[in-house]
Protein chains: 2
Amino acid sequence: MALEHAILVSLLEKPGSGYELARRFERSIGYFWTATHQQIYRVLKRMENDGWVEARDVPQRGRPDKKEYSVADLGRAALSSWLHDPIEPESVRHDLAVKIRGAAFDDPAALIREVERHRQAHRDRLAHYLAGEERDFTGPEAGAAAPDASPDAERELQHVVLRGGIAYERMMIGWLDDVLATLARFRPGH
Amino acid sequence: MALEHAILVSLLEKPGSGYELARRFERSIGYFWTATHQQIYRVLKRMENDGWVEARDVPQRGRPDKKEYSVADLGRAALSSWLHDPIEPESVRHDLAVKIRGAAFDDPAALIREVERHRQAHRDRLAHYLAGEERDFTGPEAGAAAPDASPDAERELQHVVLRGGIAYERMMIGWLDDVLATLARFRPGH
DNA sequence: ACTTGCTATGCAACGAGTTGCATAGCACGA
DNA sequence: TCGTGCTATGCAACTCGTTGCATAGCAAGT
């Protein structure tokens with residue numbers, strides 16, 4: 001399980017409450033790791049019991065108090081040990097690929113709209129990534145104006161992960177074009 | 001859940017036992033959907049109860065009997081209805097990306113070997129895919145000699161899914177090269 | 001005879017992830 | 001003032017997926 005480790009990384013980048021973490025998992029972290037707020041609250045509680053993180057009550061104006069978590073020494077050690085462990089052949093689940101092979105036993109052309117929807121979603125996400133890259137990682141000073149001026153290594157590593165997302169989206173768009181061209185060959189009257 | 005649907009597709013391509021399915025999920029199907037034998041047996045039993053598949057005892061020489069499953073009308077209908085349902089923004093889990101961002105809080109250079117291992121695994125898989133493509137989808141007659149001569153649509157769709165796997169592996173290899181170049185900049189004495 | 005290894009199926013327990021629901025404070029507009 | 005919506009946290013029930021173990025037949029080597 002790596003949700004704990006994803007949370008540790010996120011809290012090291014910036015301490016925050018369960019709610020804030022949940023929102024990060026809808027945004028930047030969520031691009032390579034998804035989690036719902038229930039999962040996050042449950043795991044945070046376990047991590048607090050294990051001494052991986054420490055909570056601090058933060059009263060707020062105009063909204064409920066929050067519990068702000070930050071990483072404790074034990075958590076840092078746990079992350080470090082996980083980083084040094086070799087891992088996983090990562091298991092894969094591509095619904096769309098199942099659908100495409102399944103389309104051979106149904107009407108292949110019926111899949112065209114679905115594939116177009118997915119291609120559009122990948123285009124949108126690519127545009128979103130590129131905008132983020134432009135904003136945070138380019139231009140004069142090469143990011144000196146970035147939010148809270150993270151150290152070099154942190155920024156460079158965030159950037160290379162983002163480049164991975166960009167490469168992934170471009171690959172998917174290209175492949176979905178290929179899929180559409182293939183499906184088009186089965187159009188009625190062809 | 002799409003394991004049921006992945007099994008339906010696999011059984012439509014060719015009927016087989018739970019054991020045989022488990023092996024397919026280590027091979028071709030497993031390239032885009034993983035499952036262990038326990039999962040498969042459990043789901044097959046449920047699918048049999050629901051009338052999606054039918055089992056037939058097949059005695060064998062020199063080995064235990066097997067239960068060969070094939071898709072029933074209800075299963076075909078269920079697959080068809082799933083194919084027509086729009087779906088999922090697919091949730092993502094990339095351990096390696098978590099590790100890379102986490103490396104900012106540890107020694108980034110310690111990650112190099114791990115990334116190299118992954119790159120090699122992707123190279124191996126790419127070579128395996130390309131060999132499969134060569135074997136099944138190229139050459140004179142363009143696959144007329146392929147195993148059990150599947151209909152055109154089935155073969156073409158299998159091919160386009162395989163091309164997706166190839167594109168994915170190429171993208172990953174390129175990105176991991178990028179990651180290695182980035183990590184190299186943090187080498188001790190740099 | 002003994003071990004190793006492959007085919008073939010399955011149970012039981014656990015852990016991870018999802019879904020639905022509940023609570024509560026406060027802001028803002030109709 | 002009433003509903004809508006956002007911040008903030010959490011429980012309970014369920015499903016999905018993993019791990020460890022068990023059984024059993026037969027083949028092949030030592």
Side-chain angles (χ1 to χ4, degrees), chain A residues 1-8 11 15-27 29-30 32-50 53 55-69 82 87-95 98, chain B residues 1-7 10-11 15-27 29-30 32-50 53 55-69 82 87-95 98:
Chain A
M1 219 264 295
L3 174 55
E4 285 141 325
H5 304 109
I7 288 176
L8 286 172
L11 289 180
S17 68
Y19 189 81
E20 282 162 353
L21 281 171
R23 276 186 311 172
R24 287 184 215 171
F25 276 83
E26 284 164 10
R27 304 187 65 268
I29 313 286
F32 53 93
W33 201 274
T34 56
T36 61
H37 78 273
Q38 287 87 348
Q39 248 189 97
I40 291 167
Y41 283 122
R42 205 188 321 160
V43 171
L44 272 177
K45 189 161 284 183
R46 185 173 69 230
M47 291 168 78
E48 196 184 357
N49 286 335
D50 293 349
V53 296
R56 178 172 82 86
D57 279 340
V58 179
Q60 297 183 110
R61 284 175 309 166
R63 42 179 89 169
D65 294 358
K66 66 175 179 180
K67 279 207 280 188
E68 191 181 82
Y69 289 93
W82 178 70
I87 38 152
E88 40 34 273
E90 17 189 326
S91 71
V92 189
R93 263 93 203 263
H94 293 312
D95 294 71
V98 176
Chain B
M1 219 264 293
L3 175 55
E4 286 140 325
H5 304 109
I7 289 176
S10 190
L11 289 179
S17 69
Y19 189 81
E20 283 162 352
L21 281 171
R23 277 186 309 171
R24 287 183 215 171
F25 275 82
E26 284 163 12
R27 302 189 66 269
I29 312 287
F32 52 93
W33 201 274
T34 56
T36 60
H37 78 273
Q38 287 85 347
Q39 249 189 97
I40 291 167
Y41 283 122
R42 209 192 315 164
V43 171
L44 272 177
K45 190 162 285 182
R46 185 173 70 230
M47 290 168 78
E48 196 184 356
N49 286 335
D50 293 349
V53 296
R56 177 172 83 87
D57 280 340
V58 178
Q60 296 183 107
R61 285 174 307 164
R63 41 179 90 169
D65 294 357
K66 66 177 181 178
K67 279 207 281 188
E68 192 180 81
Y69 290 92
W82 178 71
I87 38 154
E88 36 41 270
E90 14 190 326
S91 73
V92 188
R93 264 93 202 263
H94 293 312
D95 294 72
V98 177

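Each chain gets a letter, A, B and so on, in the order the sequences are listed, and its residues count up from 1. As a basis for the values below, the full set of heavy atoms in this structure was taken, side chains included, without hydrogen atoms, waters or symmetry mates.
Of the candidate nucleotides D:dG17, C:dG10, C:dT18, C:dG10 has the atom lying nearest to any side-chain atom of B:Lys45. The B:Gln39 side chain lies nearest to D:dG17 when the options are D:dG17, D:dC21, C:dT18. The listed nucleotides are C:dG10, D:dT18, D:dT9; the one nearest the side chain of A:Tyr41 is D:dT9.
Toward the 5' end of DNA chain D, the nearer of the two residues A:Gly18 and B:Trp33, judged by each one's closest nucleotide, is A:Gly18.
Heavy-atom minimum distance, B:Asp95 versus A:Ala2: OD2-CB, 3.5 Å. Minimum heavy-atom separation, B:Ala55 to B:Glu48: CB-OE2, 3.5 Å. When all heavy atoms are compared, the tightest approach of A:His94 to B:Trp33 is N-CE3, 3.6 Å. The nearest pair of heavy atoms linking A:Tyr19 to A:Tyr41 is N-OH, 3.5 Å. Here the shortest heavy-atom pairing between B:Leu44 and B:Val53 reads O-CG2, 4.1 Å.
The side-chain heavy atoms of A:Ile7 and A:Ile29, taken from C-beta on, include no pair separated by under 4.5 Å. Looking only at side-chain heavy atoms (C-beta outward), B:Arg23 and B:Glu26 come within less than 4.5 Å of each other.
Taking only side-chain nitrogens and oxygens, A:Lys66 never comes nearer than 4.0 Å to OP1 or OP2 of D:dG10. At D:dT9, one or more side-chain N or O atoms of A:Ser17 fall inside 4.0 Å of OP1 or OP2 (strictly under the cut-off). At C:dA16, none of the side-chain N or O atoms of A:Arg42 fall inside 4.0 Å of OP1 or OP2 (strictly under the cut-off).
The separation between B:Arg56 atom CZ and C:dA8 atom P is 14 Å, rounded to whole Å. Atom CD1 of B:Ile7 and atom P of D:dC16 are 12 Å apart (whole Å). Protein atom CG of B:Leu3 is 20 Å distant from nucleotide atom P of C:dA16, rounded to whole Å. Look at NE2 on A:His5: it is 14 Å from C1' on C:dA16, rounded to the nearest Å. If you measure from atom NE2 of B:His37 to atom P of D:dC16, you get 19 Å, rounded to the nearest angstrom. Rounding to whole angstrom units, CD of residue A:Glu68 and C1' of D:dT9 are separated by 16 Å. Computed from coordinates, the A:Ile40 CD1 to C:dT18 P distance equals 11 Å when rounded to whole Å. Between A:Asp65 atom CG and D:dC6 atom P there is a gap of 21 Å when expressed in whole angstrom units.
No donor-acceptor contact under 3.5 Å links the side chain of A:Gln38 to the base of C:dG17.
Among the heavy atoms of the strands, none lies under 4.0 Å from A:Ser91.
The stretch residues 19-27 of chain A has no heavy atom under 4.0 Å from DNA chain C, so no residue of it qualifies as close.
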